[in-house]
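Input: a single structure, listed below in structure tokens.
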Amino acid sequence: MRLILATVALAALAACSGANNASTSKNTTTTTTAVTAAPSPVPSGQVVKIGIDLPLSGGDASVGISTEQGALLAVDEAQKEMPRGFTLQGEALDDSVQGVHNPEQGVSNVRSFISDAAVLAVVGPYNSNVARAEIPVTNAAGLAQIGPSVVADNLTIGPDAAQLRRANPSLNTFFRVCTTDSRQGSALAQFARSLGFKRAYIIDDNETYGLDLADRFEKDFANDGGSVLARDHLAKNTQDFKSLLLKVLAAKPDVVFFGGVTSTGGGLIRKQMFSVGLGKIAYMGGDGLADLATVAAGQADGSYYTLAAPNAEKLPAAQAFVKAYRTKYNADIGPYSANAYAAAQVAAAAIIRAIKNAHGEAERAAVVANVASTKLETPIGPISFDKYGDVTNPVLSLYGFKNGQSYFIRQIQLKL
Amino acid sequence: MIYLYFLVAIAVVIAAQRLNDLRAKRVLFLLLGAALLCAPLFDRNDATFNVLADAGIFVLLALGLNIVVGFAGLLDLGYAAFFAIGAYAYAMMASPQFNLHLPFWLLLFLAAAFAAIFGIILGAPTLRLRGDYLAIVTLGFGEIVPQIFQNLTKYTGGPNGIGALDFPSFFGRSFGQSTIPYYYVVLALIALALFFAYNLRDSRLGRAWMAIREDELAARHMGINTTAVKLAAFALGASFSGLAGVVFAAKLSLVSPDLFQFQVSVLIVSMLVLGGMGNIPGVIVGALVLVLVNNVVLPQANTIAASAGLHVDFGNYHFFIYGAILVGIMLFRPEGLLPSRQRKEELHHAAA
Amino acid sequence: MHEFLAQLFNGIALGGIYALIALGYTMVYGIIGLINFAHGDVYTLGSFFALTIFTALGVSGELHGVALIVDVAIALIGAALLCGIVGVLIERLAYRRLRNAPRLAPLITAIGISFILENAMQIWKGPAPVPFPAVVPNPSIVIAGVAVGAQQFLLVGLAVVMMVALQLFIHNTRLGRAMRATAEDRDAAQLMGININKTIMLTFLIGSALAGVAGFVSGVYYQSTWFFNGFGAGLKAFTAAVLGGIGNIAGAMLGGFVIGIIESFATWKFGGQWSNVTVFAILILVLVFRPSGLLGEAVYERA
């Protein structure tokens, strides 16, 4: 009987603290269908936050953590720009569950950012399918979200993207500092043709990024007069790609295109090309292969990849960033550290402008508007957004590998 | 705040389990139900109810798997496949994918039926296998189903999955982006599931399951049609998973194949093992504890640790936690933390 | 025809690795009736141990002559031994207590151990694939117009030698007889003076050491390893053991080669994304229609 009393008391306690909570957030709307209203503006003299949602554990952690660190570095550096009385913090939540990035967990993280009035912008997520689950939620809440690495086309453009914004169709809250799959696929097709390749064998890792990239490359390579010999997909959790590569060998390509990232098979395919006699054939892919040499070392030679940025060596901001990153974390930057840094820079700049313009109060709506009108120099080049939230300056650079090191070849400006 | 909900729910369920008085038990459950029903009146935090609805979905899954594993003693390592089937059923029939927009409430029943049919298709030929082989067959099935959804790009959207699913509506009012309606749906389904689970357990069928679990040979000699009875467990368990899949898909407004991997199946098995296979309050507690750890504690763990000056990457210990639960519990307390009396006797008797 | 042969040779090499893993699966199952789900992860651990040993020896590239033989022998034996020890520890810690428990209990702990090992390896070597030095030279040999790497021959040869050695050990030595007796009837064997605990430890030692050999081989052959490799490879090796008839040593070898060839052909004809589906579908079909496998005993619920 005592137990019953105890639990009833606990339940009552729950109800009470629920009531307390309600009083602090009175201005949320009461109808279930309506858009969740933004919490009240943050008054001066407080902490404001940039939420960071990335996969920080499990298989994606190696890129997730270096991406997070890029964003946190920008938050730190923005601190000195903050108006008096305001502190900027980065709050990172992990969207991996059991080692795999998880859209459900992503939404859960974003919802907890939304319920925290101090969070004025979100950087993330890393993965496209997490973004597809999160965008409708940030759109409904009117919270700015800046993706460092999500490249699927249908997040910003087309009917699918419109569906993601259906809660608030007139408002775009999702922006990304990276390019899209189709821009990168087009650029890769152009580069491949300009390098003199005629016969391409296309493989993808059957994941969102790789599949879309390979689709676009396939289309544009054929339109540019190349011939696509065949298209294949990889199975998960395997390490034997020799059987697939024997098929490739029989097709006699002069370039093997891989849509995917180094860790989902991109590295192993390059290595195994050597053991089936394809070692002299060129190998090509998107920014997912930027870290190819970490797996393939010297066998990466003869491979090409693109980055959706101007050549880093010519950008002073990039040099400074690499140095600062190294000083702070005592590690080399990851493939998306610079993107995340740029995304957090954009978010911080928008927040600072919002506070200054409002004379000491920051509102989410103002932050969204400021992000949309961003004009900023970043380590990945100048950033501004079009009305869909994509970058307006699509410069892509081609890199190759020599002696296990990557080198810059040339860059192009895509016509939009 | 969110912790309070979990702790209260867990405390109430444990208290109810400890009580011998049936009426007091009921009162306690009703009080908990009433408190949960009223909670959104006081607390309008969408994030909280999002997590609670997720937790409820896992409670539903755990209750369903409990019929298969706990009641009938059949280890199903591919339970996430039925969850996937329910979720994809909603995604394909209530989205722009095929321009079908069947109502959520109808699809709840349809998906439960689909999942049950797949349960029967898988179970009919395999249920005569020895238990450990059955476990591996279900594991294989659990691997195949999401892979097929991933490969049939034309119908399922491939690795992208299907997005922008219809919002359910209730008497013409759309759920929209709010999570509270889903929370209520989940509560209602849990109530329904509890009703079914308790009645099944005490039914003729339930006694037949327990007989099979304890000694299949003896059960058969007593005239129980073991194959039919096992098939019923499989189909009923699968239908719970199908229901959970529909709510999950509708709430997330997205399905993709990577949501239904082997780890999900093992997670649900871990919930059962932790709480006590076969015991309904036990599996509820198991589910709540693991959701709390998985979805609330671990994602914040690094931040919390960092603020305490520690630099430990807790997120990297997910697998370790499940592994430790599975090993530790099976070795030292195989009946789980909150066992049913009957199961406890069985296990200790068998080990002696 | 040319491509058919190339795929066949590739499948046989792939099958050799599955066969080595399947030997351990089948031995443990044959003797204590346990599906040692963690076996696939012991295989991955073998490749990690071999990599660590090579790093300690300062090996980072191709070896020749005496150095090749000595360093490879050290890494191979070291990986096998360490895996054997891990296997014995797993048995002692996670399975022994449950030897008389209901059948599903040790299977659940086995899954738990598998998760713990994966997590430990992930923390040890990181979540991304880890490069493995190209230690053994791989000159091509041309057979019927198809270039086959020397490593493929070595790999298959090693698998066959291991299988024959194991077969001889089990049938012609005292310890092997003790193992067979334990498999037949544990209580009777104990009455005959056989030390059951030691016999089962020996089983785990040998089975896990073979997984270690497989891990070494896969590291050298693919020049890469990954903490999660064991899950897929283990499941396929288990399929191989079931296909061959679980508990049957020659069957495990046969099953391994058949699964390797099927996977290779499935990739060739249906496309890579269907290879796993094909293998797991075979697992289900075999268990449904011929649960005794190609060469083994029946596995229906004893009734």
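Values below: all heavy atoms of this structure, side chains included; hydrogens, waters and symmetry mates excluded. Throughout, protein chains are lettered first and strands after them, A, B, ... in sequence-line order, and every chain is numbered starting at 1.
- Heavy-atom proximity under 4.5 angstrom to chain A picks out F228(C), N229(C), F231(C), G232(C), K236(C) from residues 228-239 of chain C.
- S140(C) does not touch chain A: none of its heavy atoms, backbone or side chain, sits under 4.5 Å away.
- Rounded to the nearest 0.5 angstrom, K236(A) NZ and S275(C) OG are separated by 12.5 Å.
- Interface remark: K271(A) contributes side-chain atoms only to the contact with chain C (heavy atom separation under 4.5 Å).
- No more than 12 heavy-atom neighbours from other residues, nucleotides or ligands sit within 6.0 angstrom of NZ on K198(A).
- Using a 4.5 Å heavy-atom threshold, the side chains of W226(C) and N237(A) count as touching.
- D240(A) touches chain C through backbone and side chain together, each having a heavy atom under 4.5 Å away.
- Around the NZ atom of K219(A), the shell of radius 6.0 Å holds no more than 12 heavy atoms that belong to other residues, nucleotides or ligands.
- Between Q239(A) and P129(C), the closest side-chain pair of non-hydrogen atoms is not below 4.5 Å.
- Q223(C) CD to S275(A) OG: the interatomic distance, rounded to the nearest 0.5 Å, is 7.0 Å.
- The heavy-atom pair separating K247(A) from T267(C) by the smallest distance is NZ-O, 3.2 Å.
- For K242(A) (side chain) and N10(C) (main-chain N/O), no donor-acceptor pair under 3.5 Å exists by modelled atom type.
- Residue A147(C) does not touch chain A at all, counting heavy-atom pairs closer than 4.5 Å.
- Rounding to the nearest 0.5 Å gives a distance of 11.0 Å between CG of L246(A) and CG of L8(C).
- Heavy atoms from other residues, nucleotides or ligands lying under 6.0 Å from CD of E62(C) number more than 12.
- Along residues 12-19 of chain C, the residues that come nearer than 4.5 angstrom to chain A, judged on non-hydrogen atoms, are L14(C) in order of number.
- When all heavy atoms of A235(A) and N276(C) are compared, the closest pair comes out as CB-ND2, 3.7 Å.
- Applying the side chain to side chain contact (heavy atoms under 4.5 Å, CB included) rule to K402(A) yields the partners Y407(A); only residues at least two apart in sequence or on another chain are considered.
- Contacts of Y221(C) with chain A are made by both backbone and side-chain atoms, with heavy-atom separations under 4.5 Å.
- Between chain C and the options L268(A), T264(A), D205(A), the largest number of non-hydrogen pairs under 4.5 Å is found for L268(A).
- Below 4.5 Å, heavy atoms of chain C meet heavy atoms from T294(A), V295(A), Q299(A), all part of residues 286-299 of chain A.
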